[in-house]
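Below, chain A is the first sequence line, B the second, and so on; all start at residue 1. Only heavy atoms go into these numbers, but all of them, side chains included; no hydrogens, no water, no symmetry mates.
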Amino acid sequence: MKVTLHIWRQKNAKAKGRFETYHLDDVIEDMSFLEMLDVLNERLILEGKEPVAFEHDCREGICGACSLTINGIPHGHEPATTTCQLHMRKFKDGDEIWIEPFRARAFPIIKDLVVDRSAFDRIIQAGGFISVNAGQAPEANSIIVPKDDAETAMDAAQCIGCGACVAACPNASAMLFVAAKVAHFAYLPQGQPERKRRVLAMVEQMQKEGFGNCTNFYECEAACPKQISVSFIALMNRDYLKATCSGEKHLLQTQQV
Amino acid sequence: MGIFSYLRSTILSKVVMAVTGAILVLYLIIHTAGNLLIYFGRDTLNSYSAFLHSLGPILWIFRVVLIVSVVLHIITSIKLKFENWNAKPTGYALKHYLKARFSSRTMIWTGIMIFAFVLYHLLHFTFRVTNPQHYSAEFFQMHNAVSTVILERFDVYKMVVLGFKNPLISLVYIVGVIIVGFHLDHAIQSMFQTLGFNEKHYFPTLQNLSTILSIIIVICLISIPISIMSGLVGGEI
Ligand code: HEM
Ligand code: FES
């Protein structure tokens, strides 16, 4: 099949970017979207041109490294699918495809389609963990977790931290990501001791990184390749209010060495 | 700082939006119900209005709560909006919305238009300065066990009827109320989400109820200028 690609090219963080148009005539329907870009890059390299920089790692939809806003939707129009799992058969012969980086002030562009998502790492460092002494794994049944809670915690824990929520949000808000992380601990007994401090610390770090405010557009949920529900944001709002009202101070950052 | 320190927190700002918004929505529901008394005739509406004015200090408690809500709602929304524009300095060349709706994407603009509309509304019916020729008193009889007395009260009914007989004024109200309807369509369900009430088994219903309630409020309110212009109400004036 034939496709026309309009790809955002930008030399580095400082440079002014622009779209460049490429025509591919030899796309096979079974290629993934990233394989299609690989084909383009092979050609660019042969022509002595700079290949398009984009991120990827597992290519099986579990690591969260791939990104790209494809025709105005992070990870493309196929619901619940990462870019690496999106296949060219989902496009039509002759399609024009616009490929842009994830856009947010907190995700500065490094090069072409690659953005710096380390803000997410710093949010995790602020509170996305439980403090336990490492060692032998405890007996699995020594802490009983109700089935429904375990399921809900797993729904939240599906988040692969790709940043599609931020990219989709007109306000570049990271609430869905942070809420998923807060919620997956909030539903488990192991998450309880640090529950209040966690939500305060993670929300504060989220704000420091310059993400926008949630205005309940629900674009994040629609774009999320793991279909994380915005009901987790409601849970986080509730937890945050409770923690604030109880006068909790978050000590998580100072506890770390 | 002081009471405005909540502005430093994104979630507390949202909570203030939701709580002040909820107060305004509740007020709007009561206000709409009160306005519908016009269908029960001149005496009902005028005595309702006289009753409200007789509340004196209690009326002022409500007014202060409303004014504080409006001020906090507006200050907070403006702060949130500027931060949000700043957080997304570059948009997409091609953007495809999946769930964001017209009403959710236009909150700041419908909000500003509502503010202008509310100002006009207050000048028109509360401070009564825009149409002096429509404002007058009414004499009515009051009976008690011993005698009948003639009393004077403000003629709200006549003011409303004469106001809405002017098509331009009616148009402003109809458009204004429809804009309020769009704002509410997003706002009502949004405040539940913000305050932490969203479970998958009821939220879609709640979103539909948000739209339905907005439509009901709009229909109730615009029915008044429409009935008056078409002569169904107030023909006697
Ligand atoms: C009839 C009067 C009004 C009512 C009943 C009302 C109600 C509400 C409610 C309940 C919310 C949702 C809060 C949340 O959960 O986020 C909201 C949001 C908002 N309102 Fe109002 N409001 C009114 C007037 C105004 C005015 C005069 C402005 C002027 C600036 C305004 C601007 C906004 C903005 C910008 C938002 C945030 C929207 C978003 O989520 O993006 N509103 N309103
Ligand atoms: S490359 Fe790992 S999720 Fe797409």
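Although no hydrogens or angles enter the test, the distance criterion places a donor-acceptor pair under 3.5 Å between the side chain of Gln207(A) and the main chain of Arg8(B). Side chain of His96(B) to main chain of Ile70(A): no donor-acceptor pair is present (N/O by atom type, distance under 3.5 Å, no hydrogens or angles). Between the Lys99(B) side chain and the Glu221(A) main chain, no donor and acceptor come within less than 3.5 Å of each other. The backbone N or O of Arg103(A) sits less than 3.5 Å from a side-chain atom of Tyr92(B), completing a donor-acceptor pair. With hydrogens and angles ignored, the 3.5 Å screen pairs a side-chain donor or acceptor of Glu219(A) with a backbone N or O of Leu98(B). Using a distance-only test at 3.5 Å, with no hydrogens or angles considered, no donor-acceptor pair links the side chain of Arg238(A) to the main chain of Phe197(B). In this structure, Asn84(B) contributes its side chain and Gly212(A) its backbone to no donor-acceptor pair below 3.5 Å. With Lys88(B) contributing its side chain and Cys169(A) its backbone, the two residues share a donor-acceptor pair below 3.5 Å.
For chain A, the nearby parts of Tyr97(B) are the backbone and the side chain; heavy atoms of each come within less than 4.5 Å. Using a 4.5 Å cut-off between heavy atoms, Arg101(B) makes no contact with chain A at all. Ser9(B) touches chain A through backbone and side chain together, each having a heavy atom under 4.5 Å away. Contacts of Cys220(A) with chain B are absent, with no heavy-atom separation under 4.5 Å from either backbone or side chain. Heavy-atom distances place the backbone of Pro101(A), and not its side chain, under 4.5 Å from chain B. Contact of Val166(A) with chain B is made through the backbone alone, with heavy-atom distances under 4.5 Å.
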task: Tell me, with the steps shown, if Thr69(A) and Leu94(B) meet side-chain contact (heavy atoms from CB on, under 4.5 Å).
output: CA-CA 9 Å; Thr69(A) 297; Leu94(B) 189 75; over 6 Å; no
- request: Test side-chain contact (heavy atoms from CB on, under 4.5 Å) on Gln189(B) and Tyr218(A) and set out the steps.
  value: CA-CA 12 Å; Gln189(B) 54 80 37; Tyr218(A) 312 131; 2.6 Å; yes
Residue pair Gln193(B), Ile233(A): steps toward the side-chain contact (heavy atoms from CB on, under 4.5 Å) verdict: CA-CA 8 Å; Gln193(B) 163 75 5; Ile233(A) 298 182; 3.5 Å; yes
task: Apply side-chain contact (heavy atoms from CB on, under 4.5 Å) to Asn237(A) and Val15(B), showing your working.
output: CA-CA 9 Å; Asn237(A) 289 344; Val15(B) 167; 5.8 Å; no
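Residues Asn216(A) and Ser190(B) have side chains that bring a donor and an acceptor to within less than 3.5 angstrom of each other.
Residues Glu83(B) and Asn171(A) form no side-chain contact, since every pair of their non-hydrogen atoms from C-beta on lies 4.5 Å or further apart.
Across Ala167(A), Ala104(A), Ser229(A), the residue that shares the most heavy-atom pairs under 4.5 angstrom with chain B is Ala167(A).
Closest approach of Ala87(B) and Ala172(A) over heavy atoms only: O-CB, 3.4 Å.
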